[in-house]
Amino acid sequence: MGAKFPVKVIGIVIVILSSLQQVKAAPIDEKPQFPCKAPHNSYPFCNKSLGIPTRSQQLVSLLTLEEKIRFLCNNFSGIPRLGIPPYEWWSESLHGIATNGPGISFSGPVKSATLFPQVLNSAASFNRSLWFDTATAIAVEGRAMYNSGQAGLTFWAPNVNIFRDPRWGRGQETPGEDPFLVSSYALEFVKGFQGENQSDAGLLMLSACCKHFTAYDLENWANFTRYSFNAVVTDQDMEDTYEPPFKSCVQQGKASCLMCPYNSINGVPGCAKGDLLQKVRKDWGFKGYIASDCDAVATIYEYQYYVKTPEDAVAEALKAGVDINCGTYMLYNTQSAIGQGKLKEGDIDQALNNLFPVLLRLGLFNGDPLNGMFGRLGGKDVCTKEHQRLALEAARQGIVLLKNDNFLPLNKDHVSSLAIIGPGANSTSYLDLGGGYSGFPCNAKSYVEAFQPYIKKTNYVKGCLNVDCESNSMFDEAVHVAKVSDYVILVVGLDLTQETEDKDRVTLLLPGKQMDLVSLVASVSKKRIILVLTGGGPLDVSFAEGDSRVASILWTGYPGEAGGKALAEVIFGDYNPGGRLPMTWYPESFTQIPMNNMNMRADPSRLYPGRTHRFYTGEVVYEFGYGLSYTNYTYKLLSAPNTLKLIFKTSASLRKLYETEVGIGYVPTDEILSCDIVRFNVQLSVMNAGHMDGSHVVLLYSKASSTIEGAPRKQLIGFSRIHTTAHRSTDMSFSVDPCEHLSFANEHGKRILPLGEHILMIGIPRLGIPPYHWWSESLHGIATNWPAESVKLPTKSATVFPQVLNSAASFNRSLWFDTATAIAVEGRALYNAGQVGLTYWAPNVNIFRDPRWGRGQETPGEDPLVVSSYAVEFVKGFQGEYWREEEREFGQGYFGNKRVLEEDDGEGLLMLSACCKHFIAYDLEKWGNFSRYSFNAVITEQDMEDTYEPPFKSCVEHGKASCLMCPYTSINGVPSCANRDLFQKVRKDWGFRGFIASDCDAVATIYEYQFYAKSPEDAVAEALKAGVDINCGTYMLYNTQSAFGQGKLKEGDIDRALKNLFPILLRLSLFNGDPLSGMFGRLGSKDVCTKEHQRLALEAARQGIVLLKNDNFLPLNKNHVSSLAIIGPGANSTSPFVHGGGYSVVGLDLTQETEDLDRVTLLLPGKQMELVSLVASVSKKRIILVLTGGGPLDVSFAEADSHIASIIWVGYPGEAGGKALAEVIFGYYNPGGRLPITWYPELFTKIAMNNMNMRADPSHLYPRRTHRFYTGEVVYEFGHGLSYTDYTYMLLSAPNKMILVSKASGSLRKLYETEVGIGYVPTDELLSCDALRFNVQLSVMNVGHMDGSHVVMLYSKASSSVEGAPRKQLIGFSRIHTTARRSTDVSFIVDPCEHLSFANMERGYYL
């Protein structure tokens, strides 16, 4: 044993000496050595006319076994007999020609090379063309150095491992954490560096090597080292995270080399993992060589103990697919492996036939390289001005502005002195500026040197002895210079003493006492400070982000030789920063996660939060893709497809749906017939809304709405850096390949494409707040035609309830509440599936003032009491703010008790948010020369008070609505969305505690249609100052910044709006974490289109049907009907727009009445009247006429026609309307609906629709409007509706008189007399209205033979002749169930102040 000890020592000494000889480079020839010189130029492998495979095989055939083995080492010693000189395969060029590899020497005529930013910095530019140009420049300098005899032709870069864990010491060398980003960088670098875009056999400028294949991202952490670490990787993560960058290197980049790592993968050393190394050749088409990392073949035996002998290690590596060993292990052990029968010479031949073609493509066997294609490159092509400009531009684009509290850029003319503090701020070391794998720079300047041309009085102190900063001994000096200087820049962070090859970090905090230094300097500085962070790995600088004394934070990473100048330009505004973080910055708590856990997906059961922005579920310091600018940007989607149709290989229809446990469909991408034909473009307009030009990174993400296990939270599918001009827009587009971009791997490592909704998102939020669309619609069910809704997979449909006017015809408060609750349940369920938002712009509670209005169908009718009552019930049911005391199926079924949420003061939890629209007096679309965008509604104070406002007041005071919407129209000359008086009234007088939204583009109309403002900025300022909190549309987005800049707005105006918006999102629990873990988290697709909801939709349809005429004809007895003819253009339609907005025998549909379309006639459209009369005249029996649509119709002809036995109005009855109508006609249901609007005769169309007055004006022959005031003829009265039974009423009790007590005394202080002496009193002078309330009790007798529900309507009529008094007022209604020949008691509560009053001309209320 003792005799062996000296031998082992001698062996070590020899290795050290050998290493020293490589570092102390021998004298350099000023031109490279090359084979195929005379007299050795006649070999077939020197014949350029032969193909490369032939030349390679010829060379192999001439070699002896010993000569072949020499080629298996990076430091090839040459074959003099064939004229082949020595060659060093190992050169490095990660971000410039580096000193690391022995193939490089800076001791020749070329003393330096351009030092570009470290790879992670370059990735932060998100600029493909910059990456390509940088790689090309590096390659030019590499080839030039080769021509000077100072470099090889084979470079082992780029490093395209995923930056999986923030502690990794080599993460700086990579393009970041995202597979799409890293893949894109890989192919651009390889293409630029190799200088070839042709076939795999084409000429190469240099050879690039993508390393380390694969799952290499741990150096030395805890008890794990890279030499022995076994990376346990799932098939899923391997397919869609770890492999994609290398696949892109090979397939798109055409890389000529791959490098295998030290670590094992799932128990097999990376350089012995034959399935992976063969996959790249067989499946990916790789046609290059595979190199081991240095001594990685040795680790198979010496660290990983995978084999029993060195010969086994060599055999495993060569048979797996390794072609060359960085190191001497193959050189020393291959011969004995062959001798032991563990290898065949053919195994070596295979390796050489992978190596030699690359050398041949590099022109190494084509004679003197100086006579070749790249022979003119030399020292003059290194460190050129062009390359230095490129290095500066790369440094600029890689700087990321992380925080800026309106502080940067600085104006150099206003800076008297500058302090720069930091241990590395004055360093010009290539390692400090460039990080790992750097070379000697051309013209490096420190940060301090770069700032001196801007500010002559620049003071520098280190603050800490070094980056370790283990002592505060130099703090006093830093404090002094901070106190005396005008501005302070602190440069702290990391360097290669903290993170490098073979060294991982254990903390994400700033090293040593750096944090103390920052806080101390910030506390004594005259002004807020600028914090500059260096290094590659993410840092937890939460303390600085939250410190108001730290005004700005910038990350410069390792910015290369021009980093100082780039930073100075950014800070002084000569360059507008646009970099984005290519890596998530995690908090310090992340260090509790084991670094050896390779899983990307989260595992909540083990408290494992996942990794990278695609899967991580925890808190962040800064999100991947985060980065600020000195300007603001907004986006407008120009075009993108709504749906994609997939065609499968086996048929034109779906061959097989792969279902998950919850029934979500997906399809493997390899089953799609052609991915090319489903590619699509997304076109955007990017608006630079600020005052400074700048380059801007646009990030496109996708999110699948499916809940397939393992699906990413979101995926980056596109990015582009574009130049923008201040106040101008720039169009751009992304090409999306669904098979690649919208897919991910399942647990078996197979790519799958989820079916259904894929949400495209632009940008990245600074605070981890994802995109949100405020606009969803739910008028009578979840609607499909608004941006936030997608009723597709996983939930393909939602219950379509009757249109609002139909529901109003039921006059049933509990039905309205239940319907709204059901819609809300489906809305929340769809939100949980990622298909809708939480904020809905419904209900529409405008008064249906004119029968021609195209959107009257959306409202509860013409009566303020009905509309107000509907508004209250809908909002309460929809928002879920309280559940009724009586047991309800919905409350019990979904939440397990009957009272989940108590009624509150407008600050409680919301199920969804309801928005009462359009406040106010919006009831004209397009009539005559008037359009909704420019219409000025002239309204009396009297009508405003007792007709137009009450529904909205009820929404707010009783419904506790969380939103109001202002419309397009003006009111008395002021645009509604600029009407401060109205908005202040709802907040101050009514107690509104929600947000006010504009109708879509209604802010724009203030300037563009109503000409109320002189500029877009004025329009935005008017709206925000009036009280609008959010704009549906982009007008505020595009014009608020400039309005602010012009002094028309203050930041406080915006803050006020946000303080109204954010509480609603908070009440919706949007900031309470995962919504699926919240109160409504259990709702899902199972709660949509339930049997319960379908029964409710049927009941609502039944109750909304109105029997207008019945000459003892209905109901029919089906046993007496032999045949039935149904005639009508829409009678067989199942369109959702028919049932939800147009199911027709005859009548109307959305071609006749809709948004932006009013009617001009009240008659049946076209020749429908002739059709009805003709059919009635020839039918065997009298006919039944069914009328569809929302607007009233003049069917006087049918009412008087004895051939028409019955007339039924079904309106837009929803999905169950057909069944409900059949039940009514055949007597399974006794109709009880009542018209919620007066049906006027055609003569009414002579009345100007723009006349908003409710009261009559006899002097102008104006007959008034609605049943409360109208004095003309009618077709059918408001409240009209027949039944199959008759009802009688008996008054049981009501008071005869009331005693009024005024505020001033116990008796009436003052009687207000009319001209005829009739008294009245303003309601606000009464001491108490509560004391005046009384009950009216009735007995309702069903005198017929059929049970039925019956609407009882209570009216009041004052005997007074006070001007403006209504003809009558509806003061109560109730829908009750009655039994044939039995009576049912019903009572009404009457509040005289509310129900018996009306408004006078001055907006007060009379009693």
Backbone N or O of [Y] within a donor-acceptor pair of the [X] side chain at under 3.5 Å?
X      : Y      : result
Tyr185 : Asn127 : no
Arg580 : Val697 : yes
Asn75  : Gly327 : no
Asn147 : Leu377 : yes
Asn159 : Asn161 : yes
Gln172 : Gln118 : no
Thr384 : Asp381 : no
His95  : Gly434 : yes
Arg226 : Leu218 : no
Thr500 : Lys503 : no

Short side-chain donor-acceptor distance under 3.5 Å, [Y] and [X]:
X      : Y      : result
Asn74  : Glu88  : yes
Asp468 : Gln498 : yes
Asp293 : Tyr216 : no
Asp502 : Tyr227 : yes
Asp504 : Asn220 : no
Asn426 : Ser446 : yes
Arg55  : Asn366 : yes
Ser427 : Ser429 : no
Ser256 : Ser207 : yes
Ser292 : Asn325 : yes
Thr154 : Tyr87  : yes
Trp168 : Glu219 : yes

Indicate, with yes or no, if the rings of [X] and [Y] have centres closer together than 6.0 Å.
X      : Y      : value
Tyr146 : Phe374 : no
Phe189 : Trp131 : no
Phe106 : Phe440 : yes
Trp585 : Phe624 : no

Close side-chain approach of [X] to [Y], heavy-atom, < 4.5 Å:
X      : Y      : value
Thr458 : Ile420 : yes
Val532 : Val492 : no
Val322 : Met330 : yes
Pro582 : Glu177 : no
Leu390 : Asp133 : yes
Ile97  : Ile138 : yes
Tyr242 : Pro179 : no
Gln150 : Val382 : no

Least distance between heavy atoms, [X] atom then [Y] atom:
X      : Y      : answer
Leu433 : Ala444 : CD1-CB, 3.7 Å
Gln194 : Ala208 : OE1-N, 3.1 Å
Thr99  : Tyr430 : OG1-OH, 3.9 Å
Ser122 : Pro117 : OG-O, 3.7 Å
Ser56  : Phe356 : OG-CB, 3.5 Å

Parallel, tilted or perpendicular: rings of Trp156 and Trp90 (30°, 60°):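 The rings of Trp90 and Trp156 lie parallel, inter-plane angle below 30°.
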
Are [X] and [Y] ion-paired here, with the side-chain N under 4.0 Å from a carboxylate O?
X      : Y      : answer
Glu499 : Arg167 : no
Glu386 : Arg389 : no
Asp368 : Lys31  : yes
Arg164 : Asp217 : yes

First locate atom CG of Leu392, then atom CG of Asn443, and finally report the distance between them rounded to the nearest 0.5 Å. 11.5 Å

Going from CE on Met583 to CD1 on Ile162, what distance comes out if it is rounded to the nearest 0.5 angstrom?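 Those atoms lie 10.0 Å apart.
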
Kindly indicate whether a cation-pi arrangement holds for Lys191 with Phe193, taking the cut-offs as under 6.0 Å to the six-membered ring centre and within 45° of the axis. no

List, one per line, each side-chain donor-acceptor pair under 3.5 Å for residues 109-116, sequence neighbours excluded.
| from | atom 1 | to | atom 2 | distance (Å) |
| --- | --- | --- | --- | --- |
| Lys111 | NZ | Gly108 | O | 3.1 |
| Thr114 | OG1 | Glu141 | OE2 | 2.6 |

Only residue of Phe71, Phe76, Tyr289 satisfying ring-ring contact (aromatic ring centres under 6.0 Å, His included) with Trp89 is Tyr289

pair check: Cys210 + Cys249, SG-SG < 2.5 Å: yes

For Arg396 and Glu569, what are the C-alpha separation, side-chain angles and deciding distance, and is it a salt bridge (Lys or Arg N to Asp or Glu O under 4.0 Å)? CA-CA 8 Å; Arg396 291 166 173 157; Glu569 289 182 349; 2.5 Å; yes

Using the side-chain contact (heavy atoms from CB on, under 4.5 Å) rule, take Leu494 and Arg505 through it: C-alpha gap first, then chi angles, then the decisive distance, then the call. CA-CA 10 Å; Leu494 308 173; Arg505 289 187 293 155; 3.6 Å; yes

What do the steps show when you test Tyr437 against Glu501 for side-chain hydrogen bond (donor to acceptor under 3.5 Å, both in side chains), and what is the final call? CA-CA 9 Å; Tyr437 286 81; Glu501 188 165 7; 2.8 Å; yes

Does Lys211 form a salt bridge (Lys or Arg N to Asp or Glu O under 4.0 Å) with Glu173? I'd like the steps, not just the answer. CA-CA 11 Å; Lys211 62 185 185 187; Glu173 300 175 21; 5.3 Å; no

After noting the C-alpha distance and the side-chain angles of Thr556 and Tyr447, does the key distance pass the side-chain contact (heavy atoms from CB on, under 4.5 Å) rule? CA-CA 11 Å; Thr556 59; Tyr447 292 119; 3.0 Å; yes

Please assess Tyr262 against Asp295 for the test side-chain hydrogen bond (donor to acceptor under 3.5 Å, both in side chains), listing each intermediate value before the final yes or no. CA-CA 8 Å; Tyr262 298 109; Asp295 291 320; over 6 Å; no

Using the side-chain contact (heavy atoms from CB on, under 4.5 Å) rule, take Leu331 and Leu72 through it: C-alpha gap first, then chi angles, then the decisive distance, then the call. CA-CA 6 Å; Leu331 193 65; Leu72 301 181; over 6 Å; no

